[in-house]
Amino acid sequence: MSILFVNASQNPTGNTHQFGQRFLSGHDYQEVALSQYKVYQLGQDYPDDQFSVIYDQLLAADQIILGTPVYWHTISAYLKVLMERVSQMPVEKVKALAGKQVYLLVQGADPSDTIGPATKLVSRFCKVLGLDFVGAATPNKKFTKLQQKL
Ligand SMILES: Cc1cc2nc3c(=O)[nH]c(=O)nc-3n(C[C@H](O)[C@H](O)[C@H](O)COP(=O)(O)O)c2cc1C
């Protein structure tokens with residue numbers, strides 16, 4: 001099983017990265033920090049867009065761990081843009097991701113009001129796209145139960 005940790009924080013080595021490390025300890029995995037790539041918003045068409053680099057990594061993974069900091073009571077814009085871009089790909093490219101397992105890690109100063117809505121958002125995204133949403137966790141919540149599903 002190949003695992004990809006998608007770090008949707010502005011900080012490649014910050015708290016979200018560290019939560020991912022804790023969650024995935026003992027597993028081999030690749031990490032991609034979205035802040036290091038140019039993934040433009042829907043409707044922006046620039047020649048240096050790097051969405052396809054991220055897509056190829058998603059495609060190569062069996063399990064996708066989405067790690068997001070809480071920004072203004074929701075997921076980061078990095079993750080939101082990625083979700084929007086994935087959902088608007090040609091249908092064959094969306095279908096190629098079907099069945100992959102998705103986990104959500106929510107890192108925040110106090111993520112307690114965000115974990116519920118963020119889980120709803122990402123699980124709905126997975127349902128529409130045919131991905132297999134496994135569950136979500138915060139660092140404060142006991143996450144070992146979710147970890148055991150890896
Ligand atoms: C723009 C911005 C908005 C934030 N809004 C929230 C928030 O609404 N709720 C919360 O719990 N933390 C909020 N935080 C705090 C971060 O989620 C928290 O510091 C997190 O650990 C940062 O992770 P990082 O080190 O990966 O960047 C915010 C941080 C920033 C930069």
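All ligand and atom numbering here is 1-based and tracks the order in the structure. The figures here come from the full heavy-atom set of this structure, side chains too, leaving out hydrogens, waters and symmetry mates.
Taking the ring-ring contact (aromatic ring centres under 6.0 Å, His included) definition, one finds that Phe51 meets it with nothing, sequence neighbours left out. Under the rule for a ring-ring contact (aromatic ring centres under 6.0 Å, His included), the partners of Phe23 that lie at least two apart in sequence or sit in another chain are Phe143. For Ser35, there are no side-chain hydrogen bond (donor to acceptor under 3.5 Å, both in side chains) partners two or more places apart in sequence or in a different chain.
Residues of the protein with a heavy atom under 4.0 Å from ligand 1 are Ser9, Gln10, Asn11, Gly14, Asn15, Thr16, Pro69, Val70, Tyr71, Trp72, His73, Gln107, Gly108, Ala109, Asp110, Pro111, listed by chain and number.
Around atom NZ of Lys100, more than 12 heavy atoms belonging to other residues, nucleotides or ligands sit under 6.0 Å away.
Residue Ile54 forms a side chain to side chain contact (heavy atoms under 4.5 Å, CB included) with just one option from Val86, Leu59, Leu4, Val39, and that option is Val39.
There is a side-chain donor-acceptor pair under 3.5 Å between Tyr40 and Asp48.
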